[in-house]
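Working notes, structure below.
Below, all heavy atoms of this structure are taken into account, side chains as well, without hydrogens, waters or symmetry copies.
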Amino acid sequence: QVQLVESGGGSVQAGGSLRLSCAASRLTFSIYTMGWFRQAPGKEREFVGAISWRGGSPPYADSVKGRFTISRDNAKNTVYLQMNSLKTEDTAVYYCGGGVSIGAPSREAEYKFWGQGTQVTVSS
């Protein structure tokens with residue numbers, strides 16, 4: 001079956017950086033829109049950003065604009081989330097999702113497949 005596996009999470013001090021990866025298998029990765037979402041303790045899962053199969057200009061949540069960058073390598077079936085200038089409020093479990101023909105990348109329901117998540121903890 002389709003698998004999405006996130007990695008790269010960890011603990012970092014505020015102001016630091018992390019790069020998350022999401023490796024996909026058993027799907028035609030190049031046609032999928034890939035999204036990143038996160039869920040902090042006690043909160044609902046929220047949209048971080050997404051990148052279409054063509055790449056282009058990914059949409060981002062206002063809270064991460066200018067600090068986070070999404071990219072993809074279709075040859076490696078992998079999508080990345082570069083996170084810079086991390087803040088304590090970025091602490092969450094980060095999930096990647098994949099879907100095709102996505103009209104609204106910020107909507108969870110648009111994504112068919114999900115990874116298991118990776119924990120990011122930012123300390124002050």
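Under the 6.0 Å distance and 45° angle rule, R72 does not count as a cation-pi partner of Y80.
Of all non-hydrogen atoms in Y94 and V48, the two that sit nearest each other are CE2-CG2, 4.2 Å. Taking both residues in full, the closest heavy atoms of M83 and L20 are given as CE-CG, 3.8 Å, listed atom of the first, atom of the second, then distance. Considering every non-hydrogen atom in both F47 and P59, the closest pair reads CZ-O, 3.7 Å. T78 and S21 get closest at one heavy-atom pair: CG2-CB, 4.2 Å.
The main-chain N or O of F68 is never found under 3.5 Å from a side-chain atom of Q82 such that the two would form a donor-acceptor pair. A side-chain donor-acceptor contact under 3.5 Å links E6 to the backbone of G117. The backbone N or O of S30 sits nowhere less than 3.5 Å from a side-chain atom of T28 that would complete a donor-acceptor pair.
Dense packing is recorded around CD of E89, with more than 12 heavy atoms of other residues, nucleotides or ligands lying under 6.0 Å away.
Screening L4, I70, T33 for a side-chain contact (heavy atoms from CB on, under 4.5 Å) with V79, the sole residue that qualifies is I70.
Aromatic ring centres of F37 and W114 lie closer together than 6.0 Å.
Taking CG from N84 and CG from L18, the interatomic distance works out to 9.5 Å, rounded to the nearest 0.5 Å.
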Worked check of salt bridge (charged side-chain N to carboxylate O under 4.0 Å, His left out) between K87 and D90: CA-CA 5 Å; K87 305 176 180 180; D90 295 319; over 6 Å; no

